[in-house]
Amino acid sequence: MDNIFQGLNDKQIEAVRAIEGPVLVISGPGSGKTRCLTHRVAYLISQGIRPCEILGITFTNKAANEIKERVYNLLKIENRNLKIASATPMLGTFHSICLRILRREIPVLGYGSNFTIFDSDDQTGVVKRVMGDLEIDPKKFNPRAILAKISRLKTNLIFPEKFEPDDFFSKVVARVYGKYQTELKKMNGLDFDDLIVLTVKIFKQNPDILEKYQNVWKYILVDEYQDTSHDQYQLVTLLAQKHKNLFVIGDDAQSIYMFRDADIKNILNFQKDYPDAKVIFLEQNYRSTKNILAAAQNVISNNQSQVPKELWTENDHGEKILIREALNERDEAGFIIETMEDLTTQGYKINDFAILYRTHAQSRAIEEALITRGFPYQIVGGIKFYERREIKDMLAYLKVVSNPSDVVSFERIYNLPPRGIGSSTFQKIVKTEETNLISAVAALAAEMKGSRQGPGLEELAKLLKDLNSKKSVKLTELIKYIVRKTNYEDYLLNTFKKSGVADTVQDRIENIKELLTVAKKHDSLKNGDGIAIFLEEIALLQDADPTPISSADRHSEKGRGWYGAGNLKNINNRVVLMTAHSSKGLEFPIVFIAGMEEGLFPHSRSLIDPKELEEERRLCYVAITRAKKKLHISYAKYRHIFGSTEANLPSRFIGEMPGNVLDVRTSMSNFYTDDDEKIIKY
DNA sequence: CTGTCGTTTATTTTT
DNA sequence: TAAACGACAG
């Protein structure tokens, strides 16, 4: 028992012990938020609450896994006899928890329990097809914009029948939205939003079902509450309604996903929702030096709307923050690497460094410099493993096998590799499917019987039939079979041999091997269960990572490759590069923030709207507070952007840091080249 | 149906 | 800059 409170400060202990009733914890960066959460779960269990009565909700799988692991560690210390397997708390993401509920309850909405999850590419595919059917010109109305609006409506629980469009664009959206939703349902597919929204819908329409879950989860914890959207807020509210043992933790100052519909009001209004809520502030920072913390506070104090709080730390003042003006992005990269080399001789290790930037595009110049200098690095984020073409191709085949109604996946594979089937034939198949209410695969078979067809169609039908009959073989065998039967490697060779710019064919084959490694876990499952579970896992695990490759490895290959979204556990002896967004929740001894320019950070698109500007400032706050020991901020006077060179002023955020933590150096390093000289003369 | 060529358009993104 | 998409000729 004593162990549970060991190493916690008074406020943290208060938060851990407040078992009954609603609790709001505002936790500043580096104030031990995860610690607080995990100790609370352990404490609940030590007080005799059954683990299965506890529901912990996070936003990322990473966070969920970390909490899980740490809770188990604590519990082992607390109670060696606890049989964890027999009773574990439910810890997961919003999406994974809803998925579980839906697998059981979704039939009340008329969907089948074996629904598949559509990722954003799939969604765009559906929207485009719907727009085609409705004869809406995709040039006049950007499908992605329409999809974004649909997603926004869904998140706010505005269903197609309830949506009252007021302007011209909304009227178009309304038409697409309704049909989009019907199409999804016809394919027995749910998009990411549906996972949450439909769960809420079921709960609202079926009080008995809701009550069942209310009685299961009597103690609810929500992490990163400032990032919840309206539907997530509704879900939490409904579940907590009966027992009101709701513990939410977050930091309004770190809300950076407003653009994705996170609603900061959820955390700001918590006390209005629950007037008897206990409110606890975690203001002691254990992470950063006084200088770093002061800079962060000064920047964020320029925001109008925020919960007032006073962060403090017992840590040293540390060194002053270094601000560096570079000539251009190459010079900036040179400065970063020069500094890192310098710090390495002072005993810092390569994995002590993180380079943060506002946009992915900025990684390029830095990567090039890192490669030249032989610095191993890893980019976190970017294109995700499961969004890669070759992976999506394989998954599309599996999806068609698993759900023959999945027209979107069928669309991807019907002519892949090219087998002489064109879009008109595809359209015909879809028509047959729609009029006869049969699956795409069945429609294909019907199409065959019709008029004389090319050999391609027959080949495809045979392939799908083959695959279907192999449903119950080991998953890895099935994938290998697909690769073999489609001559996929030849296809890759034919398609990519000339473009040296994209991933090499070898890379892509490696990626498929990586996929096989992941699939292997499910080999033991029988009767095609492996496919469904595998696809589900992938749908909810968008950030999975192939084996990281160092820049040294990469150096030997030509062209730009792509280096996997990050599983930070795998990072050793690498500098990590990532966007400020991806850095949330992480910490590093040395942090570089590159591209601190007006128009880039804050981003030009945010300058018109004060709300968006405040979000940029919070993002800057997040970036600054990642640093433990040293922070380096740089900006470039000139930057190549979309092909042309632009001159930018230093970011206003730099001006918002007080003079006493700054140490500005403006001398140019010796990294600029002839090209740069030309720019100087300009 | 397929490949090529010009046009267009560029944030951030836990799932 | 470069990648993604649509138009069009073969």
Side-chain angles (χ1 to χ4, degrees), chain A residues 57-64 92-99 117-120 123-124 128 137-139 142-144 148 151 155 190-196 223-224 226-229 231-232 254-262 356-362 364-365 380-384 386-387 389 414-415 417-426 454 456-457 494-495 498-499 501-502 536-544 560 565-566 578-586 595 599-607 612 615-616 618-620 622-623 639-645:
Chain A
I57 313 176
T58 62
F59 277 84
T60 63
N61 293 299
K62 205 165 79 186
T93 63
F94 271 103
H95 296 265
S96 69
I97 289 161
C98 287
L99 176 67
I117 301 168
F118 280 46
D119 67 17
S120 48
Q123 291 183 62
T124 320
K128 280 185 182 158
D137 186 0
K139 267 194 207 142
N142 182 255
R144 277 168 59 203
S151 172
T155 307
L190 308 199
D191 62 21
F192 283 129
D193 295 322
D194 284 335
L195 290 174
I196 317 280
D223 190 17
E224 306 278 19
Q226 78 283 352
D227 286 335
T228 46
S229 50
D231 52 344
Q232 291 163 337
Q254 293 182 69
S255 158
I256 53 174
Y257 286 105
M258 205 174 73
F259 76 94
R260 264 197 59 138
D261 258 346
L356 311 183
Y357 37 75
R358 178 67 241 270
T359 65
H360 284 303
Q362 288 168 257
R364 224 196 137 144
V380 177
I383 304 168
K384 288 159 189 131
Y386 293 113
E387 283 172 7
R389 180 166 176 169
Y414 74 81
N415 196 33
R419 42 173 88 88
I421 307 172
S423 67
S424 57
T425 312
F426 170 70
L457 210 55
N494 290 332
T495 318
K498 47 201 158 170
S499 64
V501 194
E536 186 168 289
E537 181 184 286
I538 285 168
L540 293 181
L541 210 117
Q542 291 286 308
D543 63 345
R560 271 171 65 82
M578 67 185 100
T579 63
H581 280 92
S582 311
S583 75
K584 193 164 86 161
L586 306 175
L600 189 59
F601 201 175
H603 198 273
S604 53
R605 308 261 293 229
S606 71
L607 297 178
E612 286 184 40
E615 176 142 312
E616 294 286 306
R618 291 193 293 269
L619 183 59
C620 180
V622 167
R639 184 175 293 274
H640 280 283
I641 196 150
F642 302 143
S644 59
T645 305

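Labels below follow one simple rule: chain letters A, B, ... track the order of the sequence lines, proteins then strands, and each chain is numbered from 1. The shown structure was predicted, so the numbers you read here are calculated from the model rather than taken from an experiment.
The CZ-C1' distance, from Phe192(A) to dT15(B), rounds to 5 Å in whole Å. One interatomic measurement links the two molecules: CZ of Phe426(A) to P of dT2(B), which rounds to 15 Å at whole-angstrom precision. Atom OH in Tyr257(A) sits roughly 11 Å away from atom P in dT12(B) (whole-Å rounding). As a whole-Å value, the separation of Asp261(A) CG from dT12(B) P is 18 Å. Taking atom CG on Asp227(A) and atom P on dT15(B), their separation rounds to 12 Å, with Å as the unit. Straight-line distance from the CG atom of Asp119(A) to the P atom of dT13(B): 17 Å, rounded to whole Å. Here dC5(C) presents its C1' atom at 13 Å from CZ of Arg389(A), a figure rounded to the nearest Å. One interatomic measurement links the two molecules: NE2 of His640(A) to P of dA2(C), which rounds to 12 Å at whole-angstrom precision.
Using modelled atom types and a 3.5 Å distance limit, the side chains of Ser229(A) and Gln232(A) yield a donor-acceptor pair.
Stacking of the aromatic ring of Phe259(A) onto the base of dT12(B) is found: the ring centres lie under 5.5 Å apart and the planes are inclined by under 30°.
With sequence neighbours left out, the ring-ring contact (aromatic ring centres under 6.0 Å, His included) criterion links Phe59(A) to Phe94(A). Listed by chain and number, the residues in a side-chain contact (heavy atoms from CB on, under 4.5 Å) with Pro418(A) are Asn415(A), Tyr491(A) (sequence neighbours excluded). Judged as a ring-ring contact (aromatic ring centres under 6.0 Å, His included), and not counting sequence neighbours, the contacts of Tyr257(A) are Phe259(A), His581(A). The side-chain hydrogen bond (donor to acceptor under 3.5 Å, both in side chains) check on Thr359(A) picks up Gln362(A), with sequence neighbours excluded. With sequence neighbours left out, the side-chain contact (heavy atoms from CB on, under 4.5 Å) criterion links Ser151(A) to Thr155(A), Asp193(A).
Checked by atom type and distance alone, the side chain of Thr124(A) pairs as donor or acceptor with a backbone atom of Ser120(A) at under 3.5 Å.
Relative to the side chain of Thr579(A), the nucleotides dT13(B), dC1(B), dC5(C) differ in distance, and dT13(B) lies closest. In the set dT15(B), dC5(C), dT12(B), the nucleotide with an atom closest to the side chain of Thr93(A) is dT15(B).
Counting non-hydrogen atoms under 4.0 angstrom, Ser96(A) reaches nothing in the nucleic acid. Residue Asn415(A) is classed as a sugar-phosphate contact, given heavy-atom separations below 4.0 Å to backbone atoms only. Across all strands, Ser582(A) comes closer than 4.0 Å only to sugar-phosphate atoms, never to a base (heavy-atom distances). Nucleic acid contact class of Ser424(A) (heavy atoms, under 4.0 Å, all strands): sugar-phosphate only. Residue Ile196(A) is out of contact with every strand shown, counting any heavy-atom pair closer than 4.0 Å.
Base orientation of dT12(B): anti, since the glycosidic angle falls outside 90° of 0.
Heavy-atom distances to DNA chain B give each of Glu224(A) and Gly420(A) a nearest nucleotide, and the one nearer the 5′ end belongs to Gly420(A).
Between atom CG of residue Leu99(A) and atom CG of residue Leu190(A) there is a gap of 8.5 Å, rounded to the nearest 0.5 Å.
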I'd like a list of close polar pairs between nucleotides 6-11 of chain B and the protein, N/O only, cut-off under 3.5 Å.
from: dT11(B); atom 1: O4'; to: His603(A); atom 2: NE2; distance (Å): 3.4

